[in-house]
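A short worksheet on the structure shown next.
Sequential numbering from 1 along the given sequence is applied to the chain's residues.
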Amino acid sequence: MKDDPAMNLVLLPGFMTDADLWSDMAERLAQVGPLTHGDLSQDATIPAMAGRVAAAAPARFGLVGFSMGGYVARAVARLVPERVQALVLVATSSRADTQAQARRKAAAIAQIRQQGYRGLSRAAILQSVHPGRTGDTALVSRIRQMGDRLGGPVFLRQAGQARESDGDRLGAIGCPTLVVAAAQDALRSLDEAQELRDGIPGATLTVIDGSGHMLPLEAPHALADAVVPWLRAQTSGASTIGS
């Protein structure tokens with residue numbers, strides 16, 4: 001069999017983000033192989049999202065999951081382990097929602113049902129970026145526009161789900177895994193990234209300085225520098241399997 005070093009990549013966005021999340025990295029990621037964008041907008045639970053992603057994905061693929069997409073990516077890796085070649089988890093966690101997070105989601109849902117969806121709040125957007133980027137109107141607008149494109153029904157589905165911990169199932173992930181954290185992430189702590197690294201057998205952790213939670217938008221070049229060489233190293237080993 002001819003050696004083919006390419007790896008199909010499935011990219012999974014986070015809460016109220018779409019394929020534009022990856023636009024600044026797409027050219028670099030395509031050096032690994034063809035790109036597919038997983039659709040997380042249609043379902044109201046992580047297992048349902050994972051099932052949809054797996055059904056639409058190539059026969060074998062690598063997964064790159066951001067934030068909520070990281071939860072989905074791990075669910076996919078457990079659902080079809082024989083198909084997932086590598087896993088990249090960006091700015092994500094294995095923890096369940098805290099009571100405070102659950103209350104904020106419930107309040108936002110109640111408000112939208114009463115008043116309609118008016119887009120992501122400025123406060124929520126600013127919390128998701130590095131403190132030094134809060135005055136970056138282009139960045140803030142880009143995040144807001146993703147939420148506007150997805151709209152109220154998607155917000156209700158994604159915010160309405162009960163985010164459960166999968167910490168007790170991390171050990172079931174058998175593919176090579178890279179965890180990437182942002183040093184100035186106000187939404188996901190370094191402790192959460194370390195829990196993923198320690199819970200997934202053989203996982204490694206990279207921390208990127210100078211970015212808030214929105215790593216693919218705030219630091220796309222640094223993120224690509226971390227992810228692309230690692231993925232290409234996995235393809236060089238995986239390409240000989242089954243040949």
Practice item. Rounded to the nearest 0.5 Å, what's the gap from CG on L187 to CD on Q101? Could you check? Key: 8.5 Å
Exercise for review: Using the side chain to side chain donor-acceptor pair (under 3.5 Å) rule, collect all pairs that involve residues 122-139, keeping only residues at least two apart or in two chains.
Suggested key: R133-D136
Check your understanding: Any side-chain heavy atom of Y71 within less than 4.5 Å of one from E164?
Key -> no
Practice item. Please name the pair of heavy atoms, one in L120 and one in G147, separated by the smallest distance, quoted to 0.1 Å. Key: CD1-CA, 4.2 Å
Check your understanding: If you look at every heavy atom in D185 and A91, which pair is closest and at what distance?
Key -> OD2-CB, 3.8 Å
Point to revise | Minimum heavy-atom distance between L79 and G51, given as atom pair plus value | key: CD2-CA, 4.0 Å
Check your understanding: Are Q184 and D209 close enough that some pair of their side-chain heavy atoms sits under 4.5 Å apart?
Key -> yes
Review point. Would I208 and E218 satisfy side chain to side chain contact (heavy atoms under 4.5 Å, CB included), going step by step from the backbone distance to the final call?
Key: CA-CA 11 Å; I208 294 176; E218 294 184 69; over 6 Å; no
Check your understanding: How far does OG of S121 sit from CZ of R144, to the nearest 0.5 angstrom?
Key -> 8.0 Å
Check your understanding: Can any side-chain N or O of R83 pair as donor or acceptor with the backbone N or O of F61 at less than 3.5 Å?
Key -> no
Practice item. Supply the atom-to-atom distance L170 CG to L89 CG, rounded to the nearest 0.5 angstrom. Key: 9.0 Å
Revision key, fill the gap. Note: L205 and A193 closest approach over all heavy atoms is CD1-CB, 3.8 Å
**Study point:** Heavy-atom side-chain contact between H221 and D24 under 4.5 Å
**Key:** no
Practice item. For Q161 and T45, indicate whether the former's side chain and the latter's backbone hold a donor-acceptor pair under 3.5 Å. Key: no
Review point. Hey, is CD on E82 packed in by over 12 heavy atoms from elsewhere, all under 6.0 Å?
Key: yes
**Study point:** Non-hydrogen side-chain atoms of R95 and D191 separated by less than 4.5 Å
**Key:** yes
Practice item. Report the distance from atom CZ of R232 to atom CD of Q234, rounding to the nearest 0.5 Å. Key: 12.5 Å
**Study point:** Straight-line distance of R188 CZ to S67 OG, nearest 0.5 Å
**Key:** 6.0 Å
**Study point:** Least distance between heavy atoms, S94 atom then L196 atom
**Key:** CB-CD2, 3.7 Å
Practice item. Apply side chain to side chain contact (heavy atoms under 4.5 Å, CB included) to Q85 and T235, showing your working. Key: CA-CA 8 Å; Q85 295 170 268; T235 66; 5.9 Å; no
**Study point:** Any T92 side-chain heavy atom under 4.5 Å of V179 side chain
**Key:** no
Check your understanding: Can you tell if the side chain of P216 reaches within under 4.5 Å of the side chain of L223, non-hydrogen atoms only?
Key -> yes
Revision key, fill the gap. Between the CG atom in D148 and the CD1 atom in I143, the distance rounded to the nearest 0.5 Å is 12.0 Å
Atom pairs and distances, side-chain donor-acceptor, residues 7-22, under 3.5 Å, sequence neighbours left out:
| unit_1 | atom_1 | unit_2 | atom_2 | d |
| --- | --- | --- | --- | --- |
| N8 | ND2 | R60 | O | 3.4 |
| T17 | OG1 | G14 | N | 2.8 |
| T17 | OG1 | G14 | O | 2.9 |
| D18 | OD1 | D20 | N | 3.0 |
| D18 | OD1 | R149 | NH2 | 3.2 |
| D18 | OD2 | R149 | NE | 2.7 |
| D18 | OD2 | R149 | NH2 | 3.1 |
| D20 | OD1 | S23 | OG | 2.8 |
| D20 | OD1 | R142 | NH2 | 3.3 |
| D20 | OD2 | R142 | NE | 2.8 |

Review point. Where is the tightest heavy-atom contact between V80 and A54, given as atom of each residue plus distance?
Key: CG2-CB, 4.2 Å
Check your understanding: Do other residues, nucleotides or ligands put more than 12 heavy atoms under 6.0 Å from the CD atom of E27?
Key -> no
Point to revise | Pair listing, side chain to side chain donor-acceptor pair (under 3.5 Å) test, anchored in residues 165-180, at least two apart | key: R74-D166, R78-D166
**Study point:** side chain to side chain contact (heavy atoms under 4.5 Å, CB included) evaluation trace for L87 with V76
**Key:** CA-CA 10 Å; L87 185 61; V76 173; over 6 Å; no
Check your understanding: Quick one: are M49 and Q158 in side-chain contact, heavy atoms under 4.5 Å?
Key -> yes
